[in-house]
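Working notes, structure below.
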Amino acid sequence: MKRTVSIPVNLPDERFLNLMNQCASIFNAHIDWAIENKTFNKNKAHKDLYHLLRLQYPSVPSALLQTVRDNALEAIKATKFKRIPRKKPTSGLRYDKRTMTLRGHQLTLSCIGKRVKLILEIPDYFKQVFENWEFSGATLTYSKHSKQFWVRLVFESDNPQEISGGIQGIDRGLYHQAVTSDGQFFSSSQIRSIQRCYLFNRRQLQQKGTRSSKRRLKSISGREKRFMFAERLVEKDTNHCVSKKLANQPDVAVFVLEDLSSIRTQQRGTPVALCRGTRPPHWLKKMNKWLGSWAFYQQEQFLAYKAEALGKKVVHQDPRYTSQKCNVCKHIKRTNRHKSKFQCKNCGHHIHADLNASRNVRDDYILSSTQGTQEQGSVNTPYVSRNHIS
């Protein structure tokens with residue numbers, strides 16, 4: 001189990017910005033070498049580049065150069081050459097136990113020249129982590145907007161013993177941030193209100209094409225960025241609150257979420273519009289905008305680490321047909337659901353659509369985990385539709 005503690009630090013700007021710039025060049029040099037040689041082998045990269053880069057960047061500590069090499073080749077390995085990772089002059093630096101030390105509240109960092117020592121101001125909330133967890137590494141970042149350095153310290157600890165308890169299905173959506181199988185509704189009205197306000201202001205500024213309107217748009221761009229930052233803070237705070245309430249439920253040990261990993265890669269549009277290449281309708285553009293700004297992954301990450309700390313776990317389930325299937329008779333039909341209302345055409349069962357979906361998510365997981373893949377095939381009956389939102 002890992003935790004990251006972010007602390008602002010005061011460091012000599014010239015030395016560390018110069019170090020970041022040189023390490024970014026070293027990172028990109030390893031990326032170019034890996035692409036040219038079609039390999040991410042660290043031993044081969046060390047033989048080909050280490051001595052050359054030591055001559056080219058003599059002020060960069062040797063251990064830090066090797067850390068940057070490992071970081072670059074791991075990035076290539078993760079992407080499998082499908083894209084080219086690059087670092088900017090102020091991109092973050094990864095430190096390990098060779099390049100930094102932490103003794104109590106004193107932190108030392110490798111830099112150009114001598115190591116830099118500083119005393120960290122630890123918030124009370126993180127003191128338990130510093131005292132009881134094992135320090136494993138850190139990342140140094142720089143914010144160009146606030147001209148502030150941040151050190152992200154990573155700590156590790158053994159996973160707590162898993163507890164026994166009930167299974168809860170969770171349906172995530174745009175109008176309700178989360179709906180649980182036992183009938184709890186968490187609204188996303190505050191987040192959507194902030195988003196609508198931002199979209200309205202942006203649309204008002206961009207609808208005119210005159211020079212004065214463009215000058216005005218440029219002059220208030222800082223205000224627009226601050227508004228976007230406030231929107232993200234509200235969304236993050238809401239996700240923290242919802243995930244905390246979910247994780248702290250005493251009788252639940254397993255949280256079942258829909259696997260939404262490919263929801264943003266699906267092509268949504270009417271068949272006629274896609275074939276003819278015409279512009280999609282307004283409602284479709286609006287839906288795609290909502291999906292693009294939907295922070296479901298952030299909420300999932302928050303719930304996962306909060307549940308892990310309590311000995312609980314988060315699992316994923318195939319989301320297909322959870323919105324169209326009746327939780328009572330298991331009949332699947334697209335017309336069963338109309339907006340937030342669900343009424344089964346087979347048995348007449350009437351319920352909120354998101355609550356019905358959350359119970360389907362829970363039941364599908366229970367069936368797949370207890371009876372195996374053969375019975376799971378009977379749950380996910382032949383293809384009906386993939387382009388739906390549960």
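In plain terms, the two heavy atoms of Ser110 and Phe16 that are nearest each other are O-CE2, 4.1 Å.
Within the 4.5 Å cutoff, the side chain of Leu93 has heavy atoms near those of the Leu19 side chain. Taking the side chain as every heavy atom from C-beta outward, Gln249 and Asp182 approach each other to under 4.5 Å. Side-chain atoms of Leu140 and Met100, non-hydrogen and from C-beta on, never get closer than 4.5 Å to each other. Within the 4.5 Å cutoff, the side chain of Trp33 has heavy atoms near those of the Asp48 side chain. Residues Met1 and Trp133 are in side-chain contact: their nearest non-hydrogen atoms beyond the backbone lie under 4.5 Å apart. Counting heavy atoms from C-beta on, the side chains of His349 and Ile351 come closer than 4.5 Å.
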#### Entry: Steps toward side chain to side chain donor-acceptor pair (under 3.5 Å) verdict (Thr101, Thr108)
CA-CA 5 Å; Thr101 57; Thr108 64; 2.2 Å; yes
### Task
Please assess Phe130 against Phe155 for the test ring-ring contact (aromatic ring centres under 6.0 Å, His included), listing each intermediate value before the final yes or no.
CA-CA 8 Å; Phe130 272 76; Phe155 294 86; 4.8 Å; yes
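For Lys42, the NZ atom is densely surrounded, since the number of other residues' heavy atoms within 6.0 Å is greater than 12.
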Please tabulate, one pair per line, all N/O donor-acceptor pairs under 3.5 Å involving side-chain atoms of residues 4-12, not counting sequence neighbours.
residue : atom : partner : partner atom : Å
Ser6    : OG   : Arg152  : NH1          : 3.1

Distance-only donor-acceptor pairs under 3.5 Å for side chains of residues 84-91, two or more places apart:
residue : atom : partner : partner atom : Å
Arg86   : NH1  : Asn28   : O            : 3.4
Arg86   : NH1  : Asp32   : OD1          : 3.0
Arg86   : NH2  : Asp32   : OD1          : 2.6
Lys87   : NZ   : Gly92   : O            : 2.8
Ser91   : OG   : Lys88   : N            : 2.7
Ser91   : OG   : Lys88   : O            : 3.2

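Asp70 pairs by the side chain to side chain donor-acceptor pair (under 3.5 Å) definition with nothing, not counting sequence neighbours.
Geometrically, Lys144 does not engage Tyr142 in a cation-pi contact defined by less than 6.0 Å to the ring centre and at most 45° from the axis.
Hydrophobic clustering, with ILVMFWY side chains joined whenever heavy atoms are under 4.5 angstrom apart, groups Phe40 together with Ile26.
In summary, Arg337 and Asp354 engage in a salt bridge, as defined by a charged side-chain N under 4.0 Å from a carboxylate O. Residues Glu258 and Arg320 are not paired through a salt bridge, judged by the lack of any N-O separation under 4.0 Å between the basic side chain and the carboxylate.
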